[in-house]
Every structure is written in C-alpha cells, then in structure tokens.
Amino acid sequence: MDVKAYIASGILELYVAGILSQKEKREVDGQAREHPEIQAEIQAIARLMVRMTRKDPPDMPEIDWAKITPVKNDTLAFQPGRPTQKLAWTHYLGWIATLLFGTALLWVYVENRQLRSDVEHTHQQKGTLEQQLVEEREALTNTNNLLEELRAQNVTVVPLRGQSIAPESFAKVYWNTTSQSVYIDALGLPEPPKGYTYQVWSLLLHPFTPSNIGQLENFSANQERLFQLPNPHVSEAFGITLEPEGGSNSTTLEQLYTLGAVEP
C-alpha cells in the first residue's frame, strides 16, 4: 500500500474526529498496527486537535435583571455605576476552529472519494475504448485480407441475376479455384421468410446437374451478407434457391432466386 497516499487522503483526520463508520475505523486501526508512520500521524493529528480545544467554553454569565431599568424610549439598559460582565469570547475560538476544521476534513474526504470514483470510471472507459479499438483493428485486418483474396488473379467473379420468382434480386460469386472455395455476396437477396434458408448450388449445364455447396446460415445476423463456402465441384454456373430450413439434398429450382454462368 502507498502509505503517503493513504495519509494524504484525509481519512486519518476523519478517524480522529470520530466521523468514520465502524468498518472504516477498523480499517484504519489495522493500517495503524501495520504501519508505524500511520500510527504516528494519528497521534500528531490528535495532539493538534487537543491543543485547539484545550480551553473549555465558559458558562454564560447570569443576568441580574434587578440591575436593568427601563429608559425613556422603552428599551432596557444597565443602571449607571454598576459594571457589566464581559464575555470571554476568546474561549470559544478553539471550539469554533475545531468545528471549521472538522467541516473542512469532511469536505476533503468527500472530494477524495469522488475523485477516486471518477478515476475508476475513467479507467473503465479507457478499457472499453481499448477493447473497441482492438476489435476494430481486427475487423479492418480481416477486411483487408478478404479484399486481397477477392482481388487475386485466380479468383473468378460470377454475377448472379434475379430470376422470375424475384427479378429484383442479385448476388455475386467469387470463386477461388486454387483454394476450392467461394465467397457469396448476397447483399441483393431479400430477407428469407421464417422457416426457410438460402442454399447455393454448383451447376453443370450439360447434362444439368446441381451440386449442393451449402446454406447461407444466420442470414439476418450477417450484416455484410458475405458468406464463405467450400466448392470442390467443377462448376459451369451457380444458383441460389430458397429451401426449407435445414436445406435440401437436391433441388427442382422451383424457388430459384438468382442464377449466373461462369464465363469460359
């Protein structure tokens, strides 16, 4: 523990003034037993407060009402020739100083706790921002890697046009013949109905043979609408159909949304 910082926090003054909770008092007691510097500081603060309050406030003098007579303007005044007793106001200075000292200590303590809370909140915000920065850097790195892969010379780009069931739909296939994988850009496909999913097919045209590549899973959650699927097949075209959730082993192309041929 940083003893100097603990002493400077103001908690020892509040301990001597007796305005800490029982839990906080026990904590100070433990620190004082463990660190002689803290014990010495407590004793020094106590001696200071004793010096400030060494004079007890005197009793207020009793007023002898028999010595007071009315004057012409109906006010009261002491009779001439009878001295009045002066109040020793200096005796109260120690108590007034103690009250001001205790108030100042309480303010310092409250401000110190608020400062600690603000510092902790700042550290939490810093940690959150650092985590967001790491995630954004990772996302940027992944995006750059993806762009490099899509722009490679061995990647064939196949645009898929909307069919009669959904003429406004469109998609794009990036086929990497070396890695035998495809990226499907499905941004132009509408949200699939509940209980259905999009399925991608590799097609041979003569004879017509569809081969399942995979489904566009978690379509709604994928904001970029970019999906990677394996494609070990020889492909002359690609199509995307709407199938019951879970996919189909074969298709009749009745729900064909987009279709595109690979250019020779």
Side-chain angles (χ1 to χ4, degrees), residues 124-125 127-264:
Q124 291 176 349
Q125 286 184 324
T128 301
L129 291 176
E130 288 177 348
Q131 180 62 31
Q132 291 177 349
L133 181 60
V134 170
E135 293 175 355
E136 289 176 359
R137 285 177 176 173
E138 290 179 352
L140 180 59
T141 300
N142 293 335
T143 301
N144 290 336
N145 292 339
L146 175 61
L147 288 176
E148 289 181 5
E149 186 170 350
L150 296 184
R151 291 168 178 170
Q153 292 183 353
N154 58 340
V155 171
T156 300
V157 182
V158 183
L160 308 185
R161 297 176 177 80
Q163 301 303 296
S164 59
I165 193 173
E168 73 283 357
S169 299
F170 63 90
K172 191 172 290 187
V173 173
Y174 295 86
W175 180 21
N176 189 318
T177 55
T178 301
S179 64
Q180 294 187 329
S181 63
V182 292
Y183 284 94
I184 309 298
D185 181 359
L187 188 62
L189 292 177
E191 191 81 16
K194 186 176 180 180
Y196 288 85
T197 185
Y198 288 115
Q199 191 164 347
V200 184
W201 304 88
S202 170
L203 305 173
L204 286 177
L205 302 180
H206 304 287
F208 181 78
T209 307
S211 299
N212 175 35
I213 292 180
Q215 304 166 51
L216 305 185
E217 298 179 346
N218 300 320
F219 189 89
S220 300
N222 190 328
Q223 296 182 353
E224 289 78 17
R225 298 290 196 268
L226 195 61
F227 303 84
Q228 184 181 13
L229 299 171
N231 181 32
H233 310 284
V234 176
S235 304
E236 295 179 342
F238 293 94
I240 299 178
T241 62
L242 185 67
E243 304 290 341
E245 198 169 62
S248 302
N249 295 326
S250 61
T251 179
T252 60
L253 300 183
E254 291 182 359
Q255 296 289 322
L256 181 63
Y257 269 63
T258 59
L259 178 67
V262 179
E263 294 184 0

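Note that the structure is a prediction, hence the values are computed from the model and not measured.
Under a 3.5 Å cut-off, the side chain of Q215 and the backbone N or O of G246 do form a donor-acceptor pair. Listed for the T178 side chain is no donor-acceptor partner under 3.5 Å among the backbone atoms of N176. Between the side chain of Q223 and the backbone N or O of A221 there is no donor-acceptor pair closer than 3.5 Å. Here the side chain of T251 pairs a donor or acceptor atom with the backbone of L253 at under 3.5 angstrom. The backbone N or O of N222 lies less than 3.5 Å from no partner atom in the side chain of N218, so there is not a single donor-acceptor pair.
Rounded to the nearest 0.5 Å, atoms OG (S169) and CG (L256) are 10.0 Å apart. In this structure, CG on L187 lies 10.5 Å from NZ on K172, to the nearest 0.5 angstrom. Residue L205 holds its CG atom at 4.5 Å from CD of E236, rounded to the nearest 0.5 Å. Rounding to the nearest 0.5 Å places CD of E245 at 12.5 Å from CD of Q199. Distance check: Q163 CD to I240 CD1 gives 11.0 Å after rounding to the nearest 0.5 Å. Taken from CH2 in W201 to OG in S235, the straight-line distance is 13.0 Å, to the nearest 0.5 Å.
The two atoms that bring A171 and A186 nearest to each other are CB-CA, 4.4 Å, heavy atoms only. Summarising the geometry of I213 relative to L229, their closest heavy-atom pair is CG2-CB, 3.5 Å, with the distance given to 0.1 Å.
Residues satisfying the ring-ring contact (aromatic ring centres under 6.0 Å, His included) criterion with F219, sequence neighbours excluded, are Y198, F227. Checked against salt bridge (Lys or Arg N to Asp or Glu O under 4.0 Å), R225 has the following partners two or more places apart in sequence or in another chain: E191.
Checked against the 6.0 Å centroid criterion, the rings of W175 and F238 qualify as a close aromatic pair.
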Validation: residues 257-264 side-chain donor-acceptor distances under 3.5 Å, sequence neighbours left out:
none

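Between the side chains of E243 and S248, a donor-acceptor pair is found at a separation under 3.5 Å.
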